[in-house]
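Not measured: the values here are computed from a predicted model.
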Amino acid sequence: PFTAQVNERELVVVGELNLKLFQGDTLQSLYGIAVNTTGKIAITDRTGNCVYIFDNYKEGNCLRKIGGQGGNAGQFYYPGGVTYLNDNEILIADRENHRIQQVDVETGTVVKSFGKRGKAKGEFCSPIDVCLDEHHHIVVTDYSNHRIQVMTQEGETITMFGENGPEKLNHPTSCIPYKNMFFVTDRDNNCIKAFDQSGTFLYKFGKRGNQGGEFNWPRGMFLDSSNNLLVCDCENDRVQQFSLDGRFTGKTITDLPDPVGIATAPDGRILVTSYTAKKVYMLS
């Protein structure tokens, strides 16, 4: 038997989106990004306290701006991650309002909202990201409660994990499902942790550093069609690629300033938000 050398994938920045805003609008600090099956893009502007909807990555025309700073329905206070519930509705982690808002992107109106500040089931402390699992349950990364909550679409908690035990989370920033597992970016521990569907810790990979497979404040994640796990390694200004068992398999080869959110377009193009550059980069 012999060991075959696997070449690392070199992720290349091939361009940036030409986002056309409404007159008078300016991007301030981009965070979450999601794309629906028709190619429409939702992007949160964290300090702009709003969500932008664009027609697609090729045209970049702004269709709607939703929000503004505040605590009322349809307003935001440091929105984080965003995901499409279906082609017409998005879920937004309304971080400092400690809630999840469900918004109709066609009308800009709030369909429902759930959560409040606290530590009990169904309560949050700075929820930073949100996604759906294969059962269409809502998965909330509850940042300052150091846990993940899996919930029904009505906002009822099914399970919570990460806040206890020897491998407890320390400021998780994103969580994505894969079959019967969850992968979590554990920001302050600078690693990725895998849990089973009941929340039992399975394994972890990564540590603080700037070499391949090491992190400095990991943020958003994305699983591509070949089951490559792509991770925004924010303070190292790069995106890294891993196999599902944690082997480092590639990275971006040019600086990518403060990447935080990552998603894919219907044609497979990878889109990454840069928090400080206020841009969305395209990778291939």
Side-chain angles (χ1 to χ4, degrees), residues 28-34 36 42-53 64-86 88-133 135-163 169-177 182 184-185 187 199 219-221 260-261 263 273 275:
Q28 295 186 39
S29 54
L30 301 188
Y31 200 97
I33 183 168
N36 72 2
I43 300 173
T44 59
D45 189 328
R46 183 175 181 267
T47 52
N49 294 294
C50 65
V51 182
Y52 291 101
I53 308 298
R64 184 173 297 279
K65 178 185 179 182
I66 303 166
Q69 184 173 342
N72 296 326
Q75 294 180 319
F76 303 102
Y77 190 13
Y78 287 176
V82 58
T83 193
Y84 273 94
L85 182 64
N86 53 58
N88 298 317
E89 295 176 330
I90 54 175
L91 297 168
I92 304 109
D94 189 4
R95 181 173 172 177
E96 295 309 309
N97 281 322
H98 312 288
R99 64 187 177 184
I100 303 297
Q101 293 203 68
Q102 181 177 332
V103 176
D104 186 317
V105 298
E106 301 298 318
T107 63
T109 56
V110 175
V111 177
K112 72 174 75 164
S113 173
F114 57 88
K116 64 178 182 178
R117 182 165 191 158
K119 293 189 174 184
K121 286 184 177 181
E123 297 178 344
F124 308 115
C125 188
S126 299
I128 196 171
D129 202 11
V130 61
C131 71
L132 298 177
D133 70 9
H135 305 292
H136 279 256
H137 296 143
I138 297 170
V139 182
V140 180
T141 304
D142 195 358
Y143 178 77
S144 291
N145 277 331
H146 311 289
R147 67 188 181 189
I148 305 298
Q149 285 200 63
V150 182
M151 317 178 81
T152 68
Q153 292 195 13
E154 287 68 47
E156 298 295 322
T157 299
I158 300 169
T159 185
M160 300 189 299
F161 62 89
E163 60 187 328
L169 300 170
N170 190 357
H171 292 114
T173 51
S174 67
C175 176
I176 61 171
F182 294 102
V184 183
T185 47
R187 194 198 76 169
R219 294 281 184 163
M221 289 183 292
V260 287
T273 55
Y275 187 77

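- With rounding to the nearest 0.5 angstrom, the CG atom of D129 is 11.5 Å from the CG atom of D142.
- Between the CZ atom in F161 and the CD1 atom in I148 there is a gap of 5.5 Å [rounded to 0.5 Å].
- No donor-acceptor pair under 3.5 Å is formed between the side chain of D94 and the backbone N or O of P127.
- Using a 4.5 Å heavy-atom cutoff, the side chains of V140 and F124 are in contact.
- D133 approaches H135 most closely through the heavy-atom pair OD1-N, 2.8 Å.
- K112 contributes a side-chain N or O that, together with a main-chain N or O of Q153, makes up a donor-acceptor pair within less than 3.5 Å.
- In terms of the salt bridge (charged side-chain N to carboxylate O under 4.0 Å, His left out) criterion, residue partners of E123 (sequence neighbours excluded) are, by chain and number, K116.
- Between Y52 and D45, some side-chain heavy-atom pair lies under the 4.5 Å cut-off.
- Between C175 and C131, the shortest heavy-atom contact is O-SG, 3.2 Å.
- The salt bridge (charged side-chain N to carboxylate O under 4.0 Å, His left out) search around K119 returns none, not counting sequence neighbours.
- Not one N or O on the side chain of N36 forms a donor-acceptor pair closer than 3.5 Å with the backbone of N88.
- For R46 and Y78, the positive end sits near the middle of the six-membered ring, less than 6.0 Å away and at most 45° from its axis.
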**OP:** Under the side chain to side chain donor-acceptor pair (under 3.5 Å) rule, what do S113 and Q102 come out as? Steps first, then yes or no, please.
**Re:** CA-CA 6 Å; S113 173; Q102 181 177 332; over 6 Å; no
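- A donor-acceptor pair under 3.5 Å links the side-chain atoms of Q101 to the main chain of Q75, judged by distance alone.
- Considering CE of M151 and CD1 of I158, their distance stands at 9.0 Å, rounded to 0.5 Å.
- Between the side chain of T107 and the backbone N or O of T109 there is at least one donor-acceptor pair closer than 3.5 Å.
- With contacts defined as side-chain heavy-atom distances shorter than 4.5 Å, the pair R219/R187 qualifies.
- Without hydrogens or angle criteria, H137 side chain to T152 main chain gives no donor-acceptor distance under 3.5 Å.
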**OP:** Could you give me the CA-CA distance, side-chain angles and deciding distance for F76 and I66, then say whether side chain to side chain contact (heavy atoms under 4.5 Å, CB included) is met?
**Re:** CA-CA 9 Å; F76 303 102; I66 303 166; 4.3 Å; yes
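- With Y143 as the aromatic partner, R95 meets the cation-pi criteria of under 6.0 angstrom to the ring centre and within 45 degrees of the ring axis.
- The nearest pair of heavy atoms linking S174 to G220 is OG-CA, 3.7 Å.
- Residues I53 and V51 meet the side-chain proximity criterion, which asks for heavy atoms closer than 4.5 Å.
- Here the side chain of T273 pairs a donor or acceptor atom with the backbone of G261 at under 3.5 angstrom.
- Between T47 and S29, the side chains place a donor N or O and an acceptor N or O closer than 3.5 Å (distance only, hydrogens not considered).
- Side-chain atoms of V105 and R64, non-hydrogen and from C-beta on, never get closer than 4.5 Å to each other.
- Nearest heavy atoms, T44 versus G80: OG1-O, 2.7 Å.
- The minimum heavy-atom distance linking N97 with Y77 is given by the pair ND2-N, 3.4 Å.
- Taking the side chain as every heavy atom from C-beta outward, T83 and I90 never approach each other to under 4.5 Å.
- Here CG of L30 is found 6.0 Å from CD1 of I43. Values are rounded to the nearest 0.5 Å.
- Pairing each heavy atom of P172 with each of V184, the nearest pair is CB-CG1, 3.7 Å.
- Within the 4.5 Å cutoff, side-chain heavy atoms of V130 are placed close to those of I138.
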Original post:
Under the side chain to side chain contact (heavy atoms under 4.5 Å, CB included) criterion, do F182 and V139 qualify, and how do the steps go?
Top reply: CA-CA 10 Å; F182 294 102; V139 182; 3.9 Å; yes
